[in-house]
Q: 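Below: one structure in structure tokens.
Count residues from 1 along the sequence.
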Amino acid sequence: MKRRTLLAAAALGAVATPALGAGTARAADPGPSVTLTGSTTLDTQALFFVSYNGLVNNNSFQKNAMLTYKGYQYAVWYTADRNAVVGRRKFPSTTWSTVKVGHTLRYNDSHNVISMGISKVDGRLHLNMDSHSDGFTYVKSVAGLMDNPAGMSWTTSRFGAPQSTLDGLALTSQFTYPQFISTPEGKLQLSYRVAISGNGRNALAEYDGTSWTNLGEWTSSTGTYTSEHGSSTARNMYLHGIDYDKNGRLHSFFTWREQNNAVMCNSGGITNHDTGYVYSDDRGRTWRNNAGTVVGTTGGSDKVAVTDSGLVIDSLNPDHSLMNQESQWTDSAGRPHAIISYVPGRFGQCTTNYVTDRTNNGRAFHVRKNASGTWQKTEIPVPLNSSQRTKLFLDKYDNAYAIFPFCRIAGASAASGYTDWTTLYDGVTAGLNAFGEVVFDETRIGQDHFLSVMYQEKSSGTTPSALRSLNFSLPA
């Protein structure tokens, strides 16, 4: 079918109108703020190496490298001797207790991150790790460990042996990007990619407290995409996230990456194009475009494809080094928000080196659906100064926050329609010596209105460096 862009050119201006973006914010609500309350050190000598311009312990697409549950915070990383560990601390303690889970990192590949999830139905902690288009390692805790942390010792014996399947369920021999998501009923889902960059499909599996079920693939890698330069017949959909809102709707922003470099103006760029959006109201079984039309069925023959109409909410060709796997959030009304970044056209219409050009001229944009159902986009006036990704979250008042590389935090108020972006914290001037991308505890935001950011200090070669966390209070 013919592709159709939903975000009209008139709505793509660098500054959005406050009236449309204000939503339900009230004048009396506080604006965005972050107040540093302290820091913790997770590991003075964490594993350090750079690949794909990133670190294995701090990759932005790593969902739930930190999480908070029932008064305890948990984090995962690889130690200097390559052991996968899980740490926990009881608030307000700043001391982390760690356990090894029986796995050592195989390769110096920053994609081989560790991701955590909780199956609330039986109180287990789940880990998936060490995969980039090959096999994965899976570990789960005993039942009830997360429900009774004070009453159960924090030891390796609380975790089962590492597995190459999900309790016997083999998914694919080419597995990447594990992301655990808890369903409203307390089940646990695992989002992952099948196959390889430029020719892969997204899929889901589900754990019900007894066993895992493979729900199947829901995106397609086939179909023809044509730019002004050439065509491509294979690709994969890179997710900016996959998250449930308070009403149980599952949201996902994405960008497409084409396999054929012929779609670009220059081979030094990157073939990512367009920002799209889909949602599911049946726990990821069927997927709908912005207009509510079903465009794919998980495990079925009809999957979400580049040729489907109504997917694109922000049209952009492959010539601007659009980043994949950035960030998304939903506000208190269940409206979706995302951060995307690329080199705007005012800096030229053809990037020739995506790392250099993004570092010199890249900008982040806040894309969201407003109260009238219209998509809007606002440029955040903070230079990237990096080729890497920016993270997004909203506080209880729907103020928006962007966490840039090197732990620079900017915020904008809902009351202004997200037009008053300003820097709230600068990790560079604070002397953090952060490497680049950071991760944060998504789950803690709504529980106690605190932001926990985990970052790793810069090092050289493969010399280990400190892994630390900053803690900020948010408007409560």
Side-chain angles (χ1 to χ4, degrees), residues 61 63-64 115-122 124-129 131 133-140 163-196 199-223 235-245 247-254 256 276-289 292-306 308 311 325 328 330 336:
F61 54 76
K63 192 172 181 67
N64 293 338
S115 293
M116 289 187 290
I118 300 172
S119 53
K120 297 179 182 179
V121 68
D122 63 356
R124 294 183 192 268
L125 181 65
H126 302 249
L127 311 178
N128 193 298
M129 68 194 96
S131 61
S133 301
D134 58 1
F136 61 82
T137 296
Y138 167 67
V139 173
K140 70 177 182 181
Q163 308 175 49
S164 59
T165 64
L166 298 179
D167 293 336
L169 177 64
L171 296 177
T172 173
S173 60
Q174 294 181 303
F175 179 101
T176 314
Y177 303 130
Q179 296 191 71
F180 287 111
I181 41 177
S182 295
T183 72
E185 299 81 17
K187 297 179 182 179
L188 185 66
Q189 294 179 322
L190 176 63
S191 169
Y192 62 98
R193 187 187 72 190
V194 177
I196 62 174
N199 191 7
R201 289 91 60 197
N202 292 316
L204 286 171
E206 186 173 84
Y207 176 76
D208 63 4
T210 301
S211 61
W212 281 95
T213 301
N214 189 12
L215 301 182
E217 299 173 11
W218 61 275
T219 69
S220 171
S221 59
T222 60
R235 69 204 46 80
N236 70 266
M237 176 196 285
Y238 274 107
L239 303 182
H240 290 314
I242 183 166
D243 301 278
Y244 284 99
D245 67 21
N247 301 313
R249 174 169 288 182
L250 186 60
H251 302 262
S252 192
F253 288 88
F254 62 88
W256 297 105
Y277 168 78
V278 289
Y279 70 90
S280 173
D281 283 334
D282 56 5
R283 307 299 186 256
R285 270 63 173 179
T286 57
W287 296 89
R288 298 176 183 270
N289 65 15
T293 302
V294 174
V295 288
T297 301
T298 301
S301 58
D302 181 24
K303 298 178 175 65
V304 183
V306 73
D308 285 335
L311 298 182
Q325 296 168 289
Q328 67 175 43
T330 55

Q: Kindly give the heavy-atom pair with the smallest separation between T176 and A195, and that separation in Å.
A: OG1-O, 4.2 Å
Q: Under 4.5 Å between any side-chain heavy atoms of M129 and V139, yes or no?
A: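 Of all side-chain heavy-atom pairs linking V139 with M129, at least one is under 4.5 Å.
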Q: Does R235 reach the main-chain N or O of G223 with its side chain, forming a donor-acceptor pair under 3.5 Å?
A: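 Indeed, once roles are kept as given, a pair shorter than 3.5 Å links the two residues.
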Q: Going from CZ on F180 to CD1 on I118, what distance comes out if it is rounded to the nearest 0.5 angstrom?
A: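 One finds 11.0 Å between CZ of F180 and CD1 of I118.
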Q: Listed by chain and number, what are the side-chain hydrogen bond (donor to acceptor under 3.5 Å, both in side chains) partners of S115, not counting sequence neighbours?
A: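 Partners of S115 under the side-chain hydrogen bond (donor to acceptor under 3.5 Å, both in side chains) test: none.
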Q: How close do G209 and D122 get, heavy atom to heavy atom, and via which atoms?
A: O-OD2, 3.5 Å
Q: Starting at CG of N128, measure out to CG of L190 and round the result to the nearest 0.5 Å.
A: 5.5 Å
Q: Might you point out which heavy atoms bring L204 and G284 nearest each other, and give the distance in Å?
A: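 Shortest heavy-atom separation between L204 and G284 comes out as CD1-O, 3.8 Å.
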Q: Any pair with a residue in residues 178-192 that passes side chain to side chain donor-acceptor pair (under 3.5 Å), sequence neighbours left out, goes on the list, sorted by first then second residue, please.
A: T183-E185, E185-R283, Q189-E206, Q189-Y244, Y192-N214
Q: Grab the two heavy atoms, one from T219 and one from G200, that are nearest each other, plus how far apart they are.
A: OG1-O, 4.5 Å
Q: Quick one: list whatever passes side-chain contact (heavy atoms from CB on, under 4.5 Å) with D245, sequence neighbours left out.
A: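 Counting only residues at least two positions away or on another chain, D245 forms a side-chain contact (heavy atoms from CB on, under 4.5 Å) with N247, R249, H251, T330.
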Q: Determine which pairs satisfy salt bridge (Lys or Arg N to Asp or Glu O under 4.0 Å) with at least one residue from residues 163-182, sequence neighbours left out, and list them in order.
A: K140-D167
Q: From K63 NZ over to I242 CD1, what is the distance, rounded to the nearest 0.5 angstrom?
A: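 Here the interatomic distance stands at 8.5 Å.
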Q: Sequence neighbours excluded, which residues qualify as side-chain contact (heavy atoms from CB on, under 4.5 Å) partners of N199?
A: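 N199: side-chain contact (heavy atoms from CB on, under 4.5 Å) contacts with I196, S221, A234, Q259.
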Q: W212 and L188: which non-hydrogen atoms are nearest, and at how many Å?
A: CZ3-O, 4.0 Å
Q: To the nearest 0.5 Å, what is the distance between CZ (F136) and OG (S164)?
A: 7.0 Å
Q: Run the side-chain hydrogen bond (donor to acceptor under 3.5 Å, both in side chains) test against W287 and tell me which residues pass, sequence neighbours left out.
A: T298
Q: Considering residues at least two apart in sequence or located in another chain, which fulfil the side-chain hydrogen bond (donor to acceptor under 3.5 Å, both in side chains) criterion with T172?
A: none
Q: With sequence neighbours left out, what residues match T293 under side-chain hydrogen bond (donor to acceptor under 3.5 Å, both in side chains)?
A: none
Q: F61: what forms a ring pair (Phe, Tyr, Trp, His ring centres under 6.0 Å) with it, not counting sequence neighbours?
A: H111, Y177
Q: What pair of heavy atoms forms the shortest contact from S131 to F175, and how long is it?
A: OG-CD2, 3.3 Å
Q: Is a side-chain donor or acceptor of S220 paired with a backbone partner of T222 at a separation under 3.5 angstrom?
A: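 Judged by distance alone, yes, a pair lies under 3.5 Å.
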Q: Could you tell me if the side chain of Q328 sits less than 4.5 Å from the side chain of P336, heavy atoms only?
A: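 No, too far: nothing below the 4.5 Å cut-off.
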Q: What pairs with T165 under side-chain contact (heavy atoms from CB on, under 4.5 Å), at least two apart in sequence or on another chain?
A: Q163, A170
Q: Starting at OG of S252, measure out to OH of Y279 and round the result to the nearest 0.5 Å.
A: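 It comes to 14.0 Å.
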Q: What verdict does the side chain to side chain contact (heavy atoms under 4.5 Å, CB included) test give for F254 and N202, after you've listed the backbone C-alpha separation in whole Å, the side-chain angles of each residue and the deciding distance to 0.1 Å?
A: CA-CA 11 Å; F254 62 88; N202 292 316; over 6 Å; no
Q: By the salt bridge (Lys or Arg N to Asp or Glu O under 4.0 Å) test, which pairs, at least two apart or in different chains, include something from residues 208-220?
A: R201-E217
Q: Rounded to the nearest 0.5 Å, how far apart are CE of M237 and CG of L311?
A: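 So the CE of M237 and the CG of L311 are separated by 6.5 Å.
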Q: Would you list the pairs meeting salt bridge (Lys or Arg N to Asp or Glu O under 4.0 Å) in which at least one residue belongs to residues 295-306, sequence neighbours left out?
A: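 Listed once each, the pairs would be none.
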